[in-house]
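First listed ligand is number 1; within each ligand, the first listed atom is number 1.
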Amino acid sequence: MIETGLDIQEGLLFDSSHDVSGASVPRAFTGEVPNLRETKLGFPQLSELEVVRHFTRLSRKNFNIDLGMYPLGSCTMKYNPRVNETISGLGGFSMLHPYQPESMTQGALSILYDLEQALAELTGLAAVTLSPAAGAHGEFVGLKLIKAYLEHHNLSHKNIILIPDTAHGTNPASCIAAGFQVKSLPEGANGVMTPESVKTAMSEDVAGLMMTNPNTLGVFEHHAKEIADVLHDQGAFLYGDGANMNAFVGSVKPADYGFDVMHLNLHKTFSTPHGGGGPGAGPVAVCERLKPYLPTPRIQREEDGTYRVLHKMPHSIGLVKPYFGQFLILLRAWAYITLLGRDGLRETSEQAVLSARYIQSQLQDVFQNEDAAPCMHEAVFSDEVLKGTGVKTLDIAKALMDFGFHPPTMYFPLVVSGALLIEPTECEPKAELDRFIDVLKSLIGKAKENAEWFTDRPTQTPCSRINEALAARNLDVAKPI
Ligand SMILES: *Cc1c(COP(=O)(O)O)cnc(C)c1O
């Protein structure tokens, strides 16, 4: 049988290794390079073309934002502008070594310093660390800063963090990892937290509250300031989960409504690449009170305009990531912020909210969701409309793939039955939003007529339904499922 393109079962490069080399090692000027290794390195041996084809074929089996809409709620899967790649690929940046002397890295240090300043400005907070390697890592670092402050002020009895029901799972996990206990808060009417419920939960032992704003239901926490006052009156901190910052960059400063510490996910809000096992960045912005505890190294701007690296600070929680974090990722975020400027950033956020509200308004009657508060940058729908059809949220998500859409986030937030959390971001053209709306409408219609149709979806992708429980247990990426 002749296989074509996507049908080829892609093994690992190790399996097709056959003793050729895609790279020629330059000879030293003096002649032969002595080979001091006694054992083989064990890397696969293939020609460059074979390697390129392998990865190109894999990329065609994968969904990505360059291929189609990726409305994964809470994840802000926005397009990564190519100019970011061009800038981060410049040799002056990509060939830098973190051990180069400060005199040779002034340009890079100035970019890191400027990025810290820009994020401090956008959050309204006093200082920023760029070290953490992800949003979750940022949460951990932010909570460690609170812990360090409390210990330094003999307030160690404050060991409880309040977290609303709608929070992302990383919030409670980070609390536990940072040595706190978690107390959960029910959300109020329309998914908004109320000062009353926070007052009821308050005690001497509460160290802080983690708030996501807009929250994971896509709704703005408009009592944030009053809630911050309740916390501050009792010496507790308001931690901001900044994963949803794409909803308000440049128009609201979270410090103005009481956030004391906040992480930002550069891969969500500031257009750096997401995951794929690659490096992330979750900078943390803090208020004046927490500044002395920030991780090292810190970059200091001297009066003569040069930059100096401080490796030791008296109260710092120390190193949380080697060197300065993920430099080339931070550089991409700096490029994005610098190229858009304050007005561009604000317009971007406004467009992200407009796109989500458009989806919400166009699908409100189909999902019988007319009472929902106007959403910010993401719209959530429940599976109420599917009740009695035999079709589940999962089936709708799988069927969407056959129309070239990545499924939205499903079954999160947990407080919404069979949730579909849709975040289009600012990047999608209106025609694509309309196509998405039409397809989703027709799928809901189909669910009411013919549940059977959904069983085998998707049919147009390299893999159809897989046994997800088995795939998680027998993780063998080389074998087709
Ligand atoms: C994505 C997300 C996180 C975690 O961030 P990572 O960068 O994936 O570690 C935390 N909270 C919310 C609300 C999120 O959406």
Check ring-ring contact (aromatic ring centres under 6.0 Å, His included) between Phe436 and all other residues, then give those that pass, not counting sequence neighbours. Phe405
Those residues at least two apart in sequence (or on a different chain) that pass ring-ring contact (aromatic ring centres under 6.0 Å, His included) with His152 are Tyr293, His315
Quick one: sort the Phe248 and Phe220 rings into parallel, tilted or perpendicular, breaks at 30° and 60°. perpendicular
Could you tell me how the ring of His97 sits relative to the ring of Tyr99: parallel (under 30°), tilted (30 to 60°) or perpendicular (over 60°)? tilted
Between Glu426 and Lys78, is the closest basic N to carboxylate O distance under 4.0 Å? yes
Quick one: side chain to side chain donor-acceptor pair (under 3.5 Å) partners of Arg435, sequence neighbours excluded? Glu432
Pairs under 3.5 Å, N/O atoms on ligand 1 and on the protein: can you put them in a table with the distances?
{"from": "ligand 1", "atom 1": "5 (O)", "to": "Asn265", "atom 2": "ND2", "distance (Å)": "2.9"}
{"from": "ligand 1", "atom 1": "7 (O)", "to": "Gly135", "atom 2": "N", "distance (Å)": "2.8"}
{"from": "ligand 1", "atom 1": "7 (O)", "to": "Asn265", "atom 2": "ND2", "distance (Å)": "3.1"}
{"from": "ligand 1", "atom 1": "7 (O)", "to": "His267", "atom 2": "NE2", "distance (Å)": "2.8"}
{"from": "ligand 1", "atom 1": "9 (O)", "to": "Gly135", "atom 2": "N", "distance (Å)": "3.3"}
{"from": "ligand 1", "atom 1": "9 (O)", "to": "Ala136", "atom 2": "N", "distance (Å)": "2.8"}
{"from": "ligand 1", "atom 1": "11 (N)", "to": "Asp241", "atom 2": "OD1", "distance (Å)": "3.4"}
{"from": "ligand 1", "atom 1": "11 (N)", "to": "Asp241", "atom 2": "OD2", "distance (Å)": "2.6"}
{"from": "ligand 1", "atom 1": "15 (O)", "to": "Ser74", "atom 2": "O", "distance (Å)": "3.0"}
{"from": "ligand 1", "atom 1": "15 (O)", "to": "Ser74", "atom 2": "OG", "distance (Å)": "2.7"}
{"from": "ligand 1", "atom 1": "15 (O)", "to": "Lys268", "atom 2": "NZ", "distance (Å)": "2.8"}

